[in-house]
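Please read the structure below before turning to the comments.
Order of the sequence lines fixes the chain letters, A, B, ..., with proteins taken first and strands second; residue numbering starts at 1 for each chain.
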2 protein chains.
Amino acid sequence: MPTLSRRRAPSKGDRREQAILDVAREALQHRSLASLTVDELAGGAGISRSSFYFYFESKSAVLTALLDGLSAELAAENSPWLDGTGPDEPALRAALHHSVELWRTSGGLLRQANAVVGTGNELDRWRSAVVERGVRRLTARIERDRAAGWGVGAPAAASLARMTSALRNATLAEYAGVVPAEQLVDDLVVAMTRLLYGEIPPATV
Amino acid sequence: MPTLSRRRAPSKGDRREQAILDVAREALQHRSLASLTVDELAGGAGISRSSFYFYFESKSAVLTALLDGLSAELAAENSPWLDGTGPDEPALRAALHHSVELWRTSGGLLRQANAVVGTGNELDRWRSAVVERGVRRLTARIERDRAAGWGVGAPAAASLARMTSALRNATLAEYAGVVPAEQLVDDLVVAMTRLLYGEIPPATV
DNA sequence: AAATATTTTCGACGTAGTGTCGATTAAGTG
DNA sequence: CACTTAATCGACACTACGTCGAAAATATTT
């Protein structure tokens, strides 16, 4: 078998690290970080508890690693709409569709991030940085919209962005697992459009 | 001094229980429940750790007791608007003003409730019951509005209520301590009105 | 393939927190 | 003042965290 890639095969350690991440992803989807013990994580990955610390500083570090991946996915999925202008419903719908799916499969994980709001710890700082980045991009979009004559000028762009982001995140967090996906997307499209543009877009009915 | 009330004076135990609640309120305003120890709570109230368990089952029980009071306050403050009909801006503004104030003084405490979303534990069940009650009342209001010819029919009343509630709660949770109170009220009045009625209310400008 | 370096593993230890028991002391009450 | 109820506490057993240093497994030279 010829060496197709110069990248060396994943070492034993790499595989163990991945195993820990897998166990954690699975567990944190249903349980809280607080109730998950390092023992479980290590045991699930086939190593002793103290060996765990060779790979991660703490269980929060594992969560952070997982969330990093997810937040990158979320940001990417939303880029087409965030980088556009005007009430581009198809793009918004597509973005929301992806987000709802991600929340359905990994909602438990994403929710863990909400569990630390205001604690001031590392995870909290990470989380609010992610939120802020999203809000900044949305603020820019709103300013672009307004410059192009779309939407109403009522609340400051930054305020509107904050609230729209809060609406989106909170609705997904609370209802992604409860309300049917398609309905959730429909509802959010209407709500966000109304929030951003003040009027309902011409109905196709 | 004549006996004005037949209610017997608070016993030593009653006072201790109150002391525990006071210490907890103060502490939980700035720190997370997880980082607060029973030792601290007991020490702050002038008793030993094991005596604490004479008064409360656990530290979560203390938090629940505090949150019960706050949620009752919140519900009461919002009643005038929730029980009304149509885009009654003064009532909405008053309700939001009260809520913002409560979040500013007790936000740390209220946020602790958000820290358990999806864990399925007692506090989580309590929290979602409170949220649901609010959503139900708002749903009723929206249906009343629509029957009276106010607002647009777009998303189902329940959906709109869920999202409006999410917007309100999430915005308060994230920004009550950051954005100036008056601006937050203004912003939320605009956003909620727009969400519920589709149009911006006639500007006074 | 032996010698060496590096990565990985683990048991033992110390620390901090939780919750329970039974014995003891303080407060109220007829 | 007896006596019943409320309140307090120390001691114990338990669970979890995080660190250290020594050993074993794996890679890398030579």
Side-chain angles (χ1 to χ4, degrees), chain A residues 1 3 5-24 26-28 30-66 112 115-116 119-124, chain B residues 3 5-24 27-28 30-66 112 115-116 119-124:
Chain A
M1 194 199 291
T3 305
S5 154
R6 195 158 295 277
R7 213 185 348 262
R8 80 171 194 291
S11 71
K12 191 179 176 190
D14 292 339
R15 277 178 284 121
R16 278 278 145 79
E17 184 172 332
Q18 190 54 53
I20 293 174
L21 288 169
D22 291 344
V23 174
E26 167 60 22
L28 291 176
H30 310 289
R31 312 224 320 275
S32 75
L33 180 64
S35 78
L36 178 63
T37 73
V38 173
D39 238 352
E40 267 183 277
L41 238 34
I47 52 178
S48 77
R49 198 175 63 81
S50 42
S51 290
F52 167 89
Y53 291 98
F54 178 77
Y55 295 101
F56 293 95
E57 238 182 29
S58 64
K59 51 184 182 172
S60 318
V62 180
L63 175 57
T64 305
L66 290 171
Q112 309 278 345
V116 298
T119 57
N121 65 23
E122 194 192 320
L123 201 55
D124 184 28
Chain B
T3 304
S5 156
R6 193 159 296 279
R7 212 184 349 260
R8 83 168 191 290
S11 71
K12 190 179 175 191
D14 292 339
R15 277 178 284 121
R16 278 277 146 82
E17 185 171 330
Q18 191 53 52
I20 293 174
L21 287 169
D22 290 344
V23 173
L28 290 176
H30 310 290
R31 314 224 319 274
S32 75
L33 180 64
S35 78
L36 178 63
T37 72
V38 173
D39 238 352
E40 267 182 277
L41 239 33
I47 53 178
S48 77
R49 199 174 62 80
S50 42
S51 289
F52 166 91
Y53 292 98
F54 178 78
Y55 294 100
F56 293 95
E57 239 182 28
S58 64
K59 52 184 182 173
S60 319
V62 179
L63 175 57
T64 304
L66 290 171
Q112 308 280 343
V116 299
T119 57
N121 65 23
E122 194 191 322
L123 201 55
D124 184 29

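At D/dT8, one or more side-chain N or O atoms of B/R16 fall inside 4.0 Å of OP1 or OP2 (strictly under the cut-off). Contact between the side-chain N/O atoms of B/S48 and the OP1/OP2 oxygens of D/dT8 is not found at any separation under 4.0 Å.
Across the protein-nucleic acid pair, B/L41 atom CG and C/dG17 atom C1' stand 14 Å apart, rounded to whole Å. A straight line from CZ of A/F54 to C1' of D/dA25 spans 12 Å, rounded to a whole angstrom. The interatomic distance linking A/I20 (CD1) with C/dT8 (P) rounds to 11 Å, in whole Å. The distance between atom CZ of A/R15 and atom P of C/dT7, rounded to the nearest whole Å, is 16 Å. We find that CZ of B/F56 is positioned 14 Å from P of C/dG19, with the value rounded to whole Å.
Under the side chain to side chain contact (heavy atoms under 4.5 Å, CB included) criterion, A/S50 pairs with A/S48, sequence neighbours left out. For B/A19, the side chain to side chain contact (heavy atoms under 4.5 Å, CB included) partners are B/A45, not counting sequence neighbours. Remark: B/D124 engages B/V116, B/T119, B/N121, B/R127 in a side chain to side chain contact (heavy atoms under 4.5 Å, CB included) (not counting sequence neighbours). Not counting sequence neighbours, A/D39 has no partner by the side chain to side chain donor-acceptor pair (under 3.5 Å) test.
Residue pairs satisfying the salt bridge (Lys or Arg N to Asp or Glu O under 4.0 Å) criterion with at least one member in residues 47-60 of chain A, sequence neighbours excluded, are absent.
Side-chain atoms of A/Q112 come within 3.5 Å of backbone N or O of A/L28 as a donor-acceptor pair.
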Contact pattern, 5' to 3', of nucleotides 13-24 of chain D - B, S or - by protein heavy atom under 4.0 Å = ---SBBB-----
